[in-house]
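In what follows, chains carry the letters A, B, and so on, assigned in the order in which the sequence lines appear, proteins first and then strands, with residues in each chain numbered from 1.
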Number of protein chains: 2
Amino acid sequence: MTKILQRNLYREVADRIGDLIEHGELLPGERISEKQLCDLFGVSRTPLREALKVLATEGLIELLPNRGARVVRLTLKNVKDTYDLMAALEGLSGELACQYISDAEIAAIRQLHNTMLEHYRNRDLIPYFQVNRQIHESILAASNNDVLQEMYSNLSQRVKRVRYSKQMTERYWSQAVKDHENMIAALEQRDSQLLGQILRDHLCNKIEVATLAGVIDTEDDKSVVNN
Amino acid sequence: MTKILQRNLYREVADRIGDLIEHGELLPGERISEKQLCDLFGVSRTPLREALKVLATEGLIELLPNRGARVVRLTLKNVKDTYDLMAALEGLSGELACQYISDAEIAAIRQLHNTMLEHYRNRDLIPYFQVNRQIHESILAASNNDVLQEMYSNLSQRVKRVRYSKQMTERYWSQAVKDHENMIAALEQRDSQLLGQILRDHLCNKIEVATLAGVIDTEDDKSVVNN
DNA sequence: AAAAGTAATTATGAATTCAATATTCCTTTG
DNA sequence: CAAAGGAATATTGAATTCATAATTACTTTT
């Protein structure tokens with residue numbers, strides 16, 4: 001049952017601009033030139049401007065009346081706020097998943113979990129994070145709550161460009177793995193309260209925020225950087 | 001420090017259309033005619049279409065390629081999903097509020113609480129709900145999390161048009177008031193875990209969903225259970 | 001030479017125009 | 001008479017054009 005995805009031009013353009021932001025080709029605080037992007041994508045200003053409005057609603061850019069658009073400059077607080085929110089949503093996803101998830105789906109997650117452990121033992125950071133994400137996504141999918149998934153996806157988009165998986169200390173990492181052990185156990189017992197609690201408290205997000213503390217500029221943004 | 005709110009035409013139009021939907025002047029599933037709205041608002045199609053795209057992103061309408069837009073038809077499941085999410089967000093707002101709220105703000109909420117109790121004793125349903133909402137909004141504001149407030153606001157918008165305060169049974173009502181007693185107590189003790197828990201479990205939302213069960217068309221959006 | 005003021009340029013906001021897709025209404029055919 | 005086919009109409013998608021606000025470049029003045 002594959003979802004019909006409508007390919008409007010504006011949506012296409014919005015996604016492409018989102019990619020540019022995610023991959024750092026459009027920098028935080030950078031002014032977005034309509035003409036430049038029109039030339040780049042080969043579209044007129046109408047769909048491009050529609051895309052900008054949508055991206056502003058999604059929180060990726062901000063619109064300054066009569067002065068165009070710019071990429072949102074993420075502050076540490078903003079990222080922290082977002083992660084707090086994502087943790088709460090993950091908690092809910094866990095609670096709901098316990099109600100709706102099938103044995104087969106649990107088994108699949110257990111499988112992923114084992115794979116993740118293997119990566120942990122080998123200290124393969126990238127594959128570890130990849131499988132880690134798959135586990136969380138599986139639980140989210142099992143929540144059977146479309147609105148939740150939509151919201152989570154949007155929040156995830158916003159902070160994608162500053163997501164780091166580096167600098168994971170051994171101590172935090174082992175704790176994260178322990179969290180996952182408990183998660184799987186709670187899931188297999190369908191203990192919704194417990195799984196919710198674990199996911200809300202799961203260290204993962206907090207680690208990332210801590211890591212980011214050194215990366216993102218702490219001060220407010222009104223700075224006109226970027227020539 | 002008062003926030004600068006930009007008044008773009010498209011944003012103005014989007015809000016106006018949102019009002020039409022909220023007040024039932026545009027009905028669920030109803031086709032939205034661009035021309036009709038252009039005439040109504042006295043604007044050209046450009047800003048109107050931008051507004052439609054934004055409203056689609058906000059989840060109020062849906063866009064059918066080459067076939068215009070229509071007001072989202074809320075299913076019971078959709079509303080339930082949304083309320084579950086809102087409860088989780090309220091829980092988070094409570095947790096955070098305990099960390100950031102000032103004594104003065106707590107006192108103000110206590111004041112609102114007393115007013116609400118008065119309305120409860122008099123069985124003044126409308127004023128009761130008004131103050132009730134103010135309390136929840138105060139906690140949300142005290143959470144000091146802008147992203148959270150933005151998300152909550154969006155979700156609230158989506159279900160506004162089906163919010164009912166009627167048909168509150170005496171039993172549920174008294175329970176809701178008890179919940180509020182506990183909330184205030186937790187807040188005054190700054191017990192974030194407890195307040196979070198109370199708000200997540202707060203009956204209010206569930207009551208509304210129960211009430212709505214008779215109002216909204218139950219027909220599931222083919223989202224049958226998992227396999 | 002620095003600051004202030006003004007004209008020229010550029011970019012944005014919004015309306016209009018052109019092109020495509022969908023819908024309606026009428027005719028034709030079995 | 002019902003169904004199918006096809007113009008005529010209306011609606012949407014996207015480009016272009018026009019108007020207005022912001023930025024830059026250039027004088028002028030002190």
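- With DNA chain C read from its 5' end, the first of the two nearest nucleotides for B/Pro47 and B/Arg31 is the one closest to B/Pro47.
- Between C/dA14 and B/Thr46, no contact under 4.0 Å exists linking OP1 or OP2 to a side-chain N or O.
- Residue B/Lys35 contributes atom NZ, which lies 16 Å from atom C1' of C/dT23 at whole-angstrom precision.
- Of the candidate nucleotides C/dG13, D/dG13, C/dA15, C/dA15 has the atom nearest to the side chain of B/Val43.
- The backbone N or O of B/Glu58 lies less than 3.5 Å from a partner atom in the side chain of B/Arg158, making a donor-acceptor pair.
- Rounded to whole Å, the distance from CG on A/Asn66 to P on D/dA19 is 17 Å.
- Side-chain contact annotation: B/Tyr152 with B/Glu90, donor-acceptor N/O pair under 3.5 Å present.
- Contact annotation: A/Arg49 reaches the phosphate of C/dG13 (side-chain N/O to OP1 or OP2, under 4.0 Å).
- The interatomic distance linking B/Glu50 (CD) with D/dA14 (P) rounds to 13 Å, in whole Å.
- Note: B/Ile139 CD1 to B/Ile101 CD1 = 7.0 Å, rounded to the nearest 0.5 Å.
- Straight-line distance from the CG atom of B/Leu9 to the P atom of D/dT20: 14 Å, rounded to whole Å.
- Using a 4.0 Å heavy-atom criterion, one finds that B/Ile32 contacts the sugar-phosphate atoms exclusively.
- Positionally, the nearest nucleotide of DNA chain D for B/Ser33 lies more toward the 5' end than for the other of B/Ser33 and A/Arg67.
- At whole-Å resolution of the value, CG in B/Leu52 and P in D/dG13 are 9 Å apart.
- Counting to the nearest Å, the C1' atom of C/dT10 and the CD atom of A/Glu34 are 12 Å from each other.
- Between A/His180 and A/His202, the ring planes lie perpendicular to each other; the angle is over 60°, past the 30° to 60° tilted range.
- Salt bridge status for A/Arg70 with A/Glu30: absent, with no side-chain N to carboxylate O gap under 4.0 Å.
- B/Tyr10 places its OH atom 9 Å from the P atom of C/dG13, with the value rounded to the nearest Å.
- The CZ-P distance, from A/Arg70 to D/dT23, rounds to 11 Å in whole Å.
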